[in-house]
Amino acid sequence: MDKWEHEWQEEQQRVDHVVEKIAERLDSLQEHTRSMRADIVEIRNQFWEDVTVNVEDAIEAAETYASIKQQAEVLSERERSHRHAQRQLKALMRLKQSPYFGRIDLKVDGEEEVERIYLGIASFFDEESETFLVYDWRAPISSLYYDYSPGKVEYRTSEGTLSGVMELKRQYVIRNGHIHSMFDTGITIGDELLREVLGRRSDMQMKSIVATIQKEQNEIIRDERSRLLIVQGASGSGKTSVALQRVAYLLYRYRETLRPEQIVLFSPNPLFNSYVSTVLPELGEENMRQTTFQEYLESQLNDTFHVEDPFSQLEYVLTHAAESGYQARVEGIRFKSSLEFMEIIHRYVAFLGQEGLIFKDITFRGEVLISAERVKEKFYSLDDSLRIPNRMKLLAEWLLEELKNMELLERSKAWVEDEIELLDKATYYKVYQKLRRQKQFTQNTFDDFEREQEMLAMIVVREAFKPLFAKIKRLHFIDIQAIYRQLFVNSWMISRFLPEGKVPKHWEEICRQTVEKLDRFELAYEDATPYLYLRACLEGFQINTSVRHVFIDEAQDYSPFQFAFIKRLFPFSKLTVLGDLNQSLFVHETTDHGFSPLLSLFESEETKFFALRRSYRSTRPIVDFTRGMIENGEEIEPFQREGKKPTVTPVADMKELVKKVADRIRTLQSEGYQTIAVICKTAKESKEAYEALKEEVSLSLIDKETISFEPGVIVIPSYLAKGVEFDAVIIYNGSETQYSRENERKLFYTCCTRAMHELHIYFIGKMSPFISLVSSDTYVFES
């Protein structure tokens, strides 16, 4: 037996020992969990038996409340303990299968002994030996594994910086308690391990590959100081994985003060939320709050408008270029997405502080109680040195007082008597009891008819006025829709708020389109954020003070206006932004200035920028092919994982296209690929492709309403495939007619970079010029 075989044997013995210890802890914890579950069931069943209910007087009621509160707290504490134990169980079950993935031998300066440190997805402390058999990958000492090669090292602890020498750095692939591979490595996490992990088939769930975190990724994950952290990463560079591992690290690092609900992830679509939903649970953490920016917009605006989503906007841009008004719409999208338009709204708000505000009549039963003109006069009579939201608050208080006076007058009107006749017996009895307490009549008679009628009238009118009071408290007397519309009704009006008075091209048509939609109670996607911002400037910002970290994935698709708005919504949050400017799909893309509009919102000392250039998702041949399509593509570094070259195949017509695509799908399935995506340019083309292919092969259609999908064959529009990866990708129609305009270059690139192992492109007539740009050596032309 040579030295390496002997070490392998020793390492396996240690794995066996650790697995045995984990199994023992699992047995003990499972028994404890069963006991806790039984306690919870018993407490729930006996809850009201252990509570004395008595509400006859105030003292007894207080005792009843205290009794209920005590029982509820006992139940809540048991449930919290049970959830914690369940999380521990899941972590231990994962550790039992693969207890660790790395080892470093560290000799701290000033100490004689070398400490062996084993890293896994969670810590495991052996109480018998009082030692950590496994360290959590997020522990301070674990950063050595990611940041250093053997030699001199140092790391920060709560007590200061420690230094020493790393004498060994070893990696493992352990499955079901058995070492499958083991190798010593340098500073870069070993290519052998990466190839082993990246070569696996996809199953439509993102994996938590903490064993393969690279040095530059580790720096992003553990950054604690930056208020704005921007990650510009090539397709397949691990941006999203790094973001989720950063969330896991933050929850571990600040576990005493940071909760999952204090972290928000803005993702590109609901489908993406499903795709990444298992990563944090795999790392032993609860998922943070996941949403999309569109969901936020709809939560704020759906009571008033039908809000266009970004995919409908993109469908328009991709499919309506020949229509009249197209250039105006595109120009309007760019203009309304800019920080320049935000500044215009600031100036508009300043103008509204002096004149131009539009209010609604306060009406009741078809009559105007307080006219919009009177509301306006009252507003402008208030101290104009006050901010508009403060003046609105004072205005609301005045309106509430006016309504209270009008409520008194309303009680004597004829409609009130009619409503009194319709009151139920419970209301009459309530009035009777109140009058009795006030001793307004003799013991056994009800002769104070006038007083009774007064109280019943008060009840009727107060109930009828409730919606009015509620609307005023919510400032619904401001006509935000009309105020926003006013900017576009007269095309010349905006010129007074522009720095140089020069309006954008096609401005009159932009105004016409905007007003037309507003009058139909529709809000274009590019109008939604400015509309909300204007409303907040007038009513006051409803900021979120509890969220501590905001993550934005696919950030290249957010406009400068949206970034500024999000920063205003979460003023006390740190922002982690991840994107790839080469995958910008929307016409408001930030490519011209990179992420500089976002950077301009923060102080330079608060920000940090990272560039991830190495692509891990695709094989080297696929990366060599796709990077030739984009500017500065040579900066993208392919990972050395071999595979087949992409294929480019001409077909005569749609009938042959369907046949060849179906044949390719069957071939890929026979080769064992679990996830195959037929990517089309638009939702319309996806529907047509699905209808044509479903008679040939089993597949499913993905649209913007889809929230999850299973392994298999899918047909999907280009923009929904972004951020997701597939074993094999088929570009359904890579023809010149589909992908030739400059604003479609990045769309085509994004489609192609979804492929992990194989990429196949078909075209009718002429192929896309973006393929012609690529060296013919990087793909196979199949005639």
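Atom set for the values below is all heavy atoms of this structure, side chains included, hydrogens, waters and symmetry mates excluded. Computed from a predicted model, the values in this text were never measured in an experiment. The residues of the chain are indexed from 1 along the displayed sequence.
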Heavy atoms of Pro769 and Glu736 approach each other most closely as CD-CG, 4.1 Å
For Tyr254 and Arg548, which I'm curious about, is there any donor-acceptor pair between the side chains at under 3.5 Å?
no
Distance-minimising heavy-atom pair for Leu228 and Leu599
CD2-CD2, 4.0 Å
Does some side-chain heavy atom of Asp580 sit less than 4.5 Å from a side-chain heavy atom of Gln232?
yes
Working to the nearest 0.5 angstrom, can you tell me the gap between Phe763 CZ and Ile771 CD1?
7.0 Å
With rounding to the nearest 0.5 angstrom, report the OG1 to CD1 distance, Thr626 to Ile636.
6.5 Å
Is it true that the side chains of Thr240 and Asp553 contain a donor and an acceptor less than 3.5 Å apart?
yes
side-chain contact (heavy atoms from CB on, under 4.5 Å), that's the test. Do Trp137 and Phe101 meet it? Break it down for me.
CA-CA 9 Å; Trp137 65 276; Phe101 55 78; 4.0 Å; yes
Could you tell me if Arg246 and Thr576 have a donor-acceptor pair between their side chains, going purely by distance under 3.5 Å?
yes
So do the side chains of Tyr719 and Phe586 get within less than 4.5 Å of each other, counting heavy atoms only?
no
Could you tell me which non-hydrogen atom of Ile679 sits nearest to which non-hydrogen atom of Ser718, and how far apart they are?
CG2-CA, 3.8 Å
Heavy atoms from other residues, nucleotides or ligands near CD of Glu224 exceed 12 (cutoff 6.0 Å):
yes
Looking just at side-chain N and O atoms, do Gln556 and Glu554 make a donor-acceptor pair shorter than 3.5 Å?
yes
In a table with atom names and distances, give each donor-acceptor pair under 3.5 Å that connects a side chain of residues 325-332 to protein atoms at least two apart or in another chain.
residue	atom	partner	partner atom	Å
Tyr326	OH	Val317	O	2.7
Tyr326	OH	Arg741	NH1	3.4
Arg329	NE	Glu526	OE2	2.7
Arg329	NH2	Glu308	OE1	2.8
Arg329	NH2	Glu308	OE2	3.3
Arg329	NH2	Glu526	OE1	3.0
Arg329	NH2	Glu526	OE2	3.4

Student check: side-chain heavy atoms of Pro646 and Thr778 closer than 4.5 Å
no
Pairing donors with acceptors under 3.5 angstrom, does anything connect the side chains of Arg617 and Thr753?
no
Rounding to 0.5 Å, atoms CG (Asp136) and OG (Ser142) come to a distance of 6.5 Å
Scanning both residues in full, the closest heavy-atom pair of Leu297 with Ala528 reads CD1-CB, 3.8 Å
Salt bridge check: are Lys608 and Glu219 linked by an N-O gap of less than 4.0 Å?
yes
Glu631 atom CD, over 12 foreign heavy atoms within 6.0 Å:
no
Tyr484, Tyr525, Tyr531 screened by ring-ring contact (aromatic ring centres under 6.0 Å, His included) with Phe305, the one that passes:
Tyr531
dist Leu668:CG -> Thr675:OG1 (nearest 0.5 Å) comes out at 10.0 Å
I want to check something: taking the side chain as every heavy atom from C-beta on, are Tyr732 and Leu693 in contact at a cut-off of under 4.5 Å?
yes
Contact between Glu634 and Asn632 at the side-chain level, heavy atoms closer than 4.5 Å - yes or no?
yes
Counting N and O atoms only, with roles assigned by atom type, does the side chain of Ser768 sit under 3.5 Å from a partner on the main chain of Phe770, one being a donor and the other an acceptor?
yes
In terms of side-chain heavy atoms, does Ser559 have a donor or acceptor partner in Arg334 at a distance below 3.5 Å?
no
May I ask you to check if Arg568 and Phe541 form a cation-pi contact, with NZ or CZ under 6.0 angstrom from the six-membered ring centre and within 45° of the axis?
yes
The salt bridge (Lys or Arg N to Asp or Glu O under 4.0 Å) partners of Glu340 (sequence neighbours excluded) come to none
Would Val577 and Tyr558 count as a side-chain contact (heavy atoms from CB on, under 4.5 Å) here? Give the steps.
CA-CA 10 Å; Val577 168; Tyr558 284 71; over 6 Å; no
Any idea how Tyr739 and Phe748 line up, ring-wise: parallel (<30°), tilted (30 to 60°), or perpendicular (>60°)?
tilted
Can you see which heavy atom on Ser337 is nearest to which on Pro560, and at what distance?
O-CD, 3.3 Å
Hey, does the side chain of Lys746 reach the backbone of Leu581 with a donor-acceptor pair shorter than 3.5 angstrom?
yes
Where Gln300 and Leu532 come nearest, the two heavy atoms and their spacing
CB-CD2, 3.7 Å
Any side-chain donor near an acceptor of the partner, Thr319 and Lys681, under 3.5 Å:
no
Contact check, side chains of Ser686 and Leu701, non-hydrogen atoms, under 4.5 Å:
yes
If you count heavy atoms of other groups shown closer than 6.0 angstrom to NZ of Lys687, is the number above 12?
no
Under a 3.5 Å distance rule, please check whether Thr607 uses its side chain to pair with a backbone N or O of Ser604 as donor and acceptor.
yes
Closer than 3.5 angstrom, by distance alone: can the side chain of Arg253 be matched with the main-chain N or O of Leu250 as a donor-acceptor pair?
no
If you round to the nearest 0.5 Å, how far is OH of Tyr533 from CZ of Phe565?
9.0 Å
So do the side chains of Val242 and Val231 get within less than 4.5 Å of each other, counting heavy atoms only?
no
Start with the C-alpha gap between His757 and Arg641, add the side-chain angles, then the distance that decides, and say whether side-chain contact (heavy atoms from CB on, under 4.5 Å) holds.
CA-CA 10 Å; His757 307 294; Arg641 181 164 64 89; 3.1 Å; yes
Which of parallel (below 30°), tilted (30 to 60°) and perpendicular (above 60°) describes His549 and Phe551?
tilted
To the nearest 0.5 Å, atom OG of Ser143 lies from atom CZ of Arg138 at 14.0 Å
With heavy-atom distances below 4.5 Å as the criterion, would you say the side chains of Phe293 and Ile566 are in contact?
yes
Donor-acceptor contact present, side-chain Arg745 to main-chain Met629, <3.5 Å
yes
Any cation-pi pair here, Lys567 with Phe602, using under 6.0 Å and within 45°?
yes
Test item: side-chain donor near acceptor, Gln738 and Glu685, under 3.5 Å
yes
In terms of heavy-atom contacts, does NE2 of His306 have more than 12 from other residues, nucleotides or ligands at under 6.0 Å?
no
Main chain of Val715, side chain of Ser700: is a donor-acceptor contact present, judged purely on distance under 3.5 Å?
no
With under 30° as parallel and over 60° as perpendicular, where do the rings of Phe335 and Phe341 fit, or are they tilted in between?
tilted
Taking only Lys NZ, Arg NE, NH1 and NH2, and the carboxylate oxygens of Asp or Glu, determine whether Asp527 and Lys517 approach each other closer than 4.0 Å.
no
Please check: side-chain N/O of Asp703 versus main-chain N/O of Thr706, any donor-acceptor pairing under 3.5 Å?
yes
For Glu261, what residues pass the side-chain hydrogen bond (donor to acceptor under 3.5 Å, both in side chains) criterion, not counting sequence neighbours?
Arg259
Under the side-chain contact (heavy atoms from CB on, under 4.5 Å) rule, what do Met288 and Leu244 come out as? Steps first, then yes or no, please.
CA-CA 9 Å; Met288 67 279 161; Leu244 297 172; 3.7 Å; yes
